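First comes the structure, then the notes that go with it.
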Amino acid sequence: PYYPGGQSYTTAELQKNTGLDNAKRIYTIKFLGEACGIASEYHAFAWNDQGFIPLPKTSSVSDAGVFYYSEELIYPNQHKKGKDIILKRIEEGEADEDQLDSNEEIQFQVKIKEETFQKNGNTFQKTAERSLK
């Protein structure tokens, strides 16, 4: 299910050659926020000639140089850890409060973590999580 939260634009994308086992294509539906503080949501599905397999949902949001949050799926042809594994990289940045009212370029305190999802039947289950920064 999808519950809109102020998104103003919807588009879709078809990918191939992700390296994911038995996936002919990846179909991603994007619900885009296009404004400060309104999240964009991405719902991806692998097509295997028999049906769609839901992949981990991702999202992103930012607010006027105060903070940002983004999630990205990394497929086997990029990470080489196995054809049944998807990585989700999550990056969060928060501006240094002392800089918000200055004319200096904003410096963000950045946290990065990575979640590992492994195929289990017709689903992907989170099997691990680690901090990268």
Side-chain angles (χ1 to χ4, degrees):
Y2 169 67
Y3 304 101
Q7 288 80 7
S8 59
Y9 182 67
T10 302
T11 187
E13 176 181 274
L14 192 60
Q15 292 176 268
K16 60 180 180 177
N17 298 327
T18 61
L20 197 57
D21 194 31
N22 295 323
K24 303 283 184 182
R25 301 272 192 269
I26 303 295
Y27 182 66
T28 305
I29 303 167
K30 302 175 180 185
F31 301 96
L32 305 173
E34 298 188 309
C36 290
I38 298 176
S40 293
E41 294 185 16
Y42 312 94
H43 299 265
F45 303 88
W47 173 254
N48 66 4
D49 279 342
Q50 297 176 359
F52 287 106
I53 299 170
L55 304 181
K57 179 184 143 203
T58 57
S59 65
S60 65
V61 65
S62 66
D63 195 3
V66 177
F67 74 91
Y68 70 89
Y69 177 91
S70 68
E71 299 175 333
E72 172 189 16
L73 295 182
I74 302 171
Y75 295 104
N77 64 348
Q78 296 170 291
H79 64 63
K80 312 287 189 225
K81 294 184 180 204
K83 292 184 175 262
D84 64 341
I85 294 174
I86 295 175
L87 302 178
K88 182 194 282 191
R89 178 164 288 179
I90 301 163
E91 184 172 325
E92 295 180 73
E94 189 173 333
D96 181 349
E97 287 187 32
D98 296 333
Q99 291 184 315
L100 291 178
D101 293 326
S102 74
N103 290 331
E104 296 177 35
E105 183 177 333
I106 296 173
Q107 300 296 313
F108 289 94
Q109 296 175 353
V110 178
K111 296 178 190 174
I112 300 174
K113 71 178 180 177
E114 188 175 83
E115 297 175 348
T116 302
F117 291 82
Q118 189 158 18
K119 189 174 180 185
N120 184 0
N122 281 334
T123 64
F124 279 83
Q125 294 181 333
K126 186 163 89 170
T127 58
E129 182 178 312
R130 68 183 181 128
S131 179
L132 301 176
K133 179 177 177 184

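Everything numeric in this text was worked out from a predicted model, so none of it was measured. Residue numbers start at 1 and run along the sequence shown.
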From CD (Q7) to OG (S40), nearest 0.5 Å: 6.5 Å
Donor-acceptor side-chain pairing of E34 and S8 below 3.5 angstrom: yes
Rounded distance (nearest 0.5 Å) linking atom NZ of K133 with atom CD of Q109: 10.5 Å
Check: Y42 and S60 side chains under 4.5 Å, non-hydrogen atoms: yes
Within one Ile-Leu-Val-Met-Phe-Trp-Tyr cluster: Y9 and I29, side-chain cutoff 4.5 Å: no
Spatial distance of atom CD (E41) from atom CD (E71) [nearest 0.5 Å]: 9.5 Å
Could you pull out every donor-acceptor pair under 3.5 Å between side chains of residues 48-56 and any protein atom, sequence neighbours left out?
{"residue": "N48", "atom": "OD1", "partner": "Q50", "partner atom": "N", "Å": "2.9"}
{"residue": "N48", "atom": "OD1", "partner": "G51", "partner atom": "N", "Å": "3.0"}
{"residue": "D49", "atom": "OD1", "partner": "W47", "partner atom": "NE1", "Å": "3.3"}

Side-chain heavy atoms of I26 within contact of L20, under 4.5 Å: yes
4.5 Å side-chain heavy-atom contact, F45 and T28: no
Distance, nearest 0.5 Å, that separates OG1 of T58 from NE2 of H43: 8.0 Å
Nearest heavy-atom neighbours spanning D21 and K119: O-NZ, 4.1 Å
Close side-chain approach of F117 and E115, heavy atoms under 4.5 Å: yes
Over 12 non-hydrogen atoms of neighbours within 6.0 angstrom of CD in Q15: yes
Solution key, residues 76-92 side-chain donor-acceptor pairs under 3.5 Å, sequence neighbours excluded:
{"residue": "N77", "atom": "ND2", "partner": "N17", "partner atom": "O", "Å": "2.4"}
{"residue": "Q78", "atom": "OE1", "partner": "Y75", "partner atom": "N", "Å": "3.2"}
{"residue": "H79", "atom": "ND1", "partner": "K81", "partner atom": "N", "Å": "2.8"}
{"residue": "H79", "atom": "NE2", "partner": "I85", "partner atom": "O", "Å": "2.8"}
{"residue": "K80", "atom": "NZ", "partner": "N77", "partner atom": "O", "Å": "2.8"}
{"residue": "D84", "atom": "OD2", "partner": "Q118", "partner atom": "NE2", "Å": "3.0"}
{"residue": "K88", "atom": "NZ", "partner": "K57", "partner atom": "O", "Å": "2.8"}
{"residue": "R89", "atom": "NH2", "partner": "E114", "partner atom": "OE2", "Å": "3.3"}
{"residue": "E91", "atom": "OE2", "partner": "Y68", "partner atom": "OH", "Å": "2.6"}

Pairwise side-chain contact, Q125 with N120, heavy-atom cut-off 4.5 Å (strictly under): yes
Under the salt bridge (charged side-chain N to carboxylate O under 4.0 Å, His left out) test, residues paired with E129 that sit two or more places apart: K113, K126
Closest contact, heavy atoms only, A44 versus L73: CB-CD1, 4.4 Å
